[in-house]
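The next block holds one structure in the form of structure tokens; read it before the comments.
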Amino acid sequence: MVTLAILGNAFVGDGLTVWYAELDKPWYIVPLWFFIIVGILYYMMVSVILYRQISNIAGSMLRKAALILTLSMLVGNELWNYLFFGLKSTFLGFISLIPFIMIVGLLAFTLKKIDVYSFRILLPYVLWLVYDLIWTFGLYMQNL
């Protein structure tokens with residue numbers, strides 16, 4: 001997981017520090033430091049969910065599906081960072097959230113059936129993604 005985070009940062013380049021800083025932002029976008037806190041909490045959440053899926057994977061197809069979806073969420077998050085910050089595209093940042101939210105939604109649905117604790121950990125992130133979709137759309141519209 002740390003490897004993915006480091007790799008994701010390598011693909012971002014100056015997109016965060018220069019490009020994002022210069023964008024016109026809607027009034028409802030939280031400050032950058034808040035995004036950093038969400039990022040830290042995201043990796044902590046994924047670590048717990050991943051650990052719980054790996055330690056309980058034996059025998060169940062749903063558990064294996066949850067593991068694959070968790071890994072897909074990790075990769076999808078880094079891909080989003082690349083599309084948004086690395087390619088400096090508000091449009092790709094917005095549009096790529098749709099399949100990403102679908103993956104996270106499938107993970108939530110699966111976790112609710114097999115691991116309610118992990119589902120509860122994931123739920124605030126699902127709500128965050130609704131906000132994510134709103135602010136990325138606003139950012140796209142203000143920077144056409």
Side-chain angles (χ1 to χ4, degrees), residues 1-57 62-144:
M1 185 165 7
V2 174
T3 304
L4 278 174
I6 292 170
L7 196 59
N9 278 335
F11 289 128
V12 167
D14 69 350
L16 177 61
T17 56
V18 177
W19 173 75
Y20 179 77
E22 294 173 354
L23 291 174
D24 291 327
K25 296 171 188 71
W27 62 269
Y28 50 83
I29 288 186
V30 297
L32 186 58
W33 62 264
F34 193 87
F35 283 106
I36 293 168
I37 291 171
V38 169
I40 292 167
L41 292 173
Y42 166 81
Y43 285 109
M44 291 170 60
M45 170 200 73
V46 173
S47 295
V48 171
I49 293 171
L50 196 57
Y51 171 78
R52 291 178 62 84
Q53 297 320 304
I54 290 170
S55 63
N56 294 314
I57 196 150
L62 280 178
R63 290 201 179 278
K64 290 175 184 167
L67 177 60
I68 291 167
L69 287 166
T70 304
L71 294 172
S72 298
M73 181 177 69
L74 271 167
V75 171
N77 183 64
E78 299 312 323
L79 179 61
W80 183 87
N81 283 328
Y82 171 70
L83 294 172
F84 184 72
F85 293 112
L87 296 181
K88 300 174 181 154
S89 175
T90 57
F91 175 73
L92 290 176
F94 168 66
I95 206 73
S96 65
L97 274 175
I98 296 166
F100 182 71
I101 289 171
M102 291 171 66
I103 289 169
V104 176
L106 282 171
L107 176 60
F109 179 77
T110 305
L111 288 176
K112 189 171 183 182
K113 291 182 176 215
I114 62 165
D115 185 0
V116 175
Y117 182 79
S118 291
F119 168 75
R120 289 181 180 154
I121 291 172
L122 182 64
L123 204 51
Y125 186 65
V126 171
L127 297 174
W128 171 260
L129 288 176
V130 172
Y131 171 72
D132 243 2
L133 196 62
I134 293 167
W135 77 257
T136 54
F137 180 72
L139 203 61
Y140 167 65
M141 293 304 291
Q142 278 195 231
N143 292 279
L144 288 174

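Please read these numbers as outputs of a predicted model, since none were measured by experiment. Values below: every heavy atom of this structure, side chains too, minus hydrogens, waters and symmetry copies.
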Worked check of side-chain contact (heavy atoms from CB on, under 4.5 Å) between L74 and Y43: CA-CA 9 Å; L74 271 167; Y43 285 109; 4.2 Å; yes

Check side chain to side chain contact (heavy atoms under 4.5 Å, CB included) between W33 and all other residues, then give those that pass, not counting sequence neighbours. P31, I37

Give the intermediate values and the outcome of side-chain contact (heavy atoms from CB on, under 4.5 Å) for residues I40 and M44. CA-CA 6 Å; I40 292 167; M44 291 170 60; 4.0 Å; yes

To the closest 0.5 Å, what do you measure between CD1 (I49) and CZ (F119)? 10.5 Å

Answer yes or no: is there a side-chain heavy-atom contact under 4.5 Å between V48 and Y117? yes

At what distance, to the nearest 0.5 angstrom, does CD1 of I134 lie from CG of L97? 11.0 Å

L106 side, atom CG; I101 side, atom CD1 - distance, nearest 0.5 Å: 12.5 Å

Minimum heavy-atom distance M141-L144, with the two atoms named: O-CG, 3.7 Å

Heavy-atom closest pair (S96 atom, G93 atom, distance to 0.1 Å) is OG-O, 3.5 Å

Does a side-chain heavy-atom distance below 4.5 Å link T90 with T136? no

Could you report the tightest heavy-atom contact between L32 and Y20, atom names first, then the distance? CD1-CE2, 4.4 Å

N143 (side chain) donor-acceptor with D24 (main chain) under 3.5 angstrom: yes

Taking side chain as C-beta onward, heavy atoms only, is L50 less than 4.5 Å from L71? yes

Qualifying residues under side chain to side chain contact (heavy atoms under 4.5 Å, CB included), relative to T110, sequence neighbours excluded: L62, A66, L69, I114

Non-hydrogen side-chain atoms of L139 and F84 separated by less than 4.5 Å: yes

Chi angles and distances behind the side-chain contact (heavy atoms from CB on, under 4.5 Å) call for F100, M73: CA-CA 7 Å; F100 182 71; M73 181 177 69; 3.9 Å; yes

Contacts of W135 meeting side-chain hydrogen bond (donor to acceptor under 3.5 Å, both in side chains) (sequence neighbours excluded), chain-then-number -> D132

Any salt bridge (charged side-chain N to carboxylate O under 4.0 Å, His left out) pairs touching residues 112-130, not counting sequence neighbours? R52-D115

Would you say that L83 contacts W80 through its side chain, given a criterion of any heavy-atom pair below 4.5 Å between the two side chains? no

Please name all residues satisfying ring pair (Phe, Tyr, Trp, His ring centres under 6.0 Å) with F94, sequence neighbours left out, ordered by chain then number. F137

Please list every donor-acceptor pair under 3.5 Å in which a side-chain atom of residues 121-131 meets a protein atom from a residue at least two apart or in another chain.
from : atom 1 : to  : atom 2 : distance (Å)
Y131 : OH     : Y28 : O      : 2.6
Y131 : OH     : V30 : N      : 3.0

Work out which heavy atom in G138 is nearest to a heavy atom in P26; give both atom names and the distance. C-CG, 3.6 Å

So R63 and Q53, do their side chains get closer than 4.5 Å, heavy atoms only? yes

To the nearest 0.5 Å, how far apart are OH in Y42 and OG in S47? 9.5 Å

